[in-house]
Amino acid sequence: LWPWLLASSGLSALVQLVILPFFPDSPSYLLIQKGNEEACRKAIRKLWGEGDHQAEIDDIMKEKLAMTSTKTLRVLEVIKERSLRWQLYILMTVMTTLQLCGINAIYFYSFEVFHTAKFEEYLIPYVSLGVGLCECLSSILCSTLIDRFGRKVLLWGGYTLMCSVLALLTMTLSLQHQFFWMHYFSVILIFLFVVFYGMGP
């Protein structure tokens with residue numbers, strides 16, 4: 001079953017490979033990059049049907065003018081630019097904390113935790129699959145929450161909850177040989193950590 005499950009991801013790639021050649025190019029790409037207004041109009045008609053789409057073309061032209069008036073910076077110029085310093089610091093902090101938040105350790109050691117929790121060997125891959133599904137579903141939920149609460153609240157809340165769960169997980173793993181129910185609590189904490197990761201960072 002697992003080889004088929006892994007191979008199923010290639011199915012969507014195959015479908016895209018077959019149908020993408022029949023899709024029109026992006027109207028903004030045709031007008032901004034290629035400078036071909038007629039092809040842009042044709043693509044708009046193909047995407048949105050017949051009608052007057054001059055307002056959309058005017059918007060694309062405004063975007064083109066804005067892009068021509070904006071200077072493209074190289075990497076060193078971005079680093080040296082004082083007006084971009086805080087945005088760069090925030091971006092580096094977010095990306096660093098994302099790498100060091102512990103999600104890789106959770107995925108790496110989850111099999112051992114499930115094994116210690118006395119799950120049957122044949123069930124452990126399915127429990128691991130459930131962890132992955134939790135992350136997928138929480139990421140979908142995050143897309144609805146981000147409009148309501150904003151990125152800052154989700155980042156702070158996600159990292160705070162993840163830190164709390166990691167502290168509890170450290171405690172349960174330390175006490176798992178003294179209390180039999182600690183194994184199951186560790187499994188619950190792993191699922192919670194993945195959910196908070198998907199909803200936050």
* To do: Kindly check if the number of other-residue, nucleotide or ligand heavy atoms within 6.0 Å of CD (Glu112) is above 12?
  => no

* Write down the atom of Gly198, the atom of Cys142, and the distance for their closest heavy-atom approach. => O-CB, 3.6 Å

* To do: Ignoring hydrogens and angles, tell me if any N or O in the side chain of Glu81 forms a donor-acceptor pair with the backbone of Val78 under 3.5 Å.
  => no

* Asked: Quick one: are Ile103 and Val194 in side-chain contact, heavy atoms under 4.5 Å?
  -> yes

* **Spacing of CG belonging to Leu141 relative to SG belonging to Cys134, to within rounding of 0.5 Å** => 11.5 Å

* Report, as yes or no, whether the 6.0 Å neighbourhood of atom CZ on Phe191 holds more than 12 heavy atoms from other residues, nucleotides or ligands. => yes

* According to the interplanar angle, ranging from 0 to 90°, do the rings of His177 and His183 count as parallel (below 30°), tilted (30 to 60°) or perpendicular (above 60°)? -> perpendicular

* Asked: About how many Å separate CG of Leu166 and CG of Leu161, when rounded to the nearest 0.5 Å?
  -> 11.0 Å

* Do you know which two heavy atoms are closest between Tyr197 and Met162, and how far apart they sit? -> CA-SD, 3.7 Å

* Structure fact -> In terms of heavy-atom contacts, Gln99 and Asn104 come closest through O-ND2, 4.2 Å

* Between Glu135 and Tyr107: side-chain donor-acceptor atoms closer than 3.5 Å -> yes

* SG-CE distance between Cys40 and Met61, expressed to the nearest 0.5 angstrom -> 9.5 Å

* **Euclidean distance, Leu173 CG relative to Tyr109 OH, rounded to 0.5 Å** => 11.0 Å

* Asked: If we only count heavy atoms from C-beta on, is the Phe185 to Gln176 side-chain gap below 4.5 Å?
  -> no

* Structure fact -> Interatomic distance, CG@Leu169 vs CD1@Ile188, rounded to 0.5 Å, equals 11.5 Å

* To do: Working to the nearest 0.5 Å, report the span between CG of Leu17 and OG of Ser12.
  => 11.0 Å

* Are Glu56 and Pro27 close enough that some pair of their side-chain heavy atoms sits under 4.5 Å apart? -> no

* **Pair Thr97-Tyr159, side-chain donor/acceptor within less than 3.5 Å** => yes

* How are the rings of Trp86 and Tyr89 set to each other: parallel, tilted or perpendicular (split at 30° and 60°)? -> perpendicular

* Arg85 side-chain N/O to Lys80 backbone N/O, donor-acceptor pair under 3.5 Å -> yes

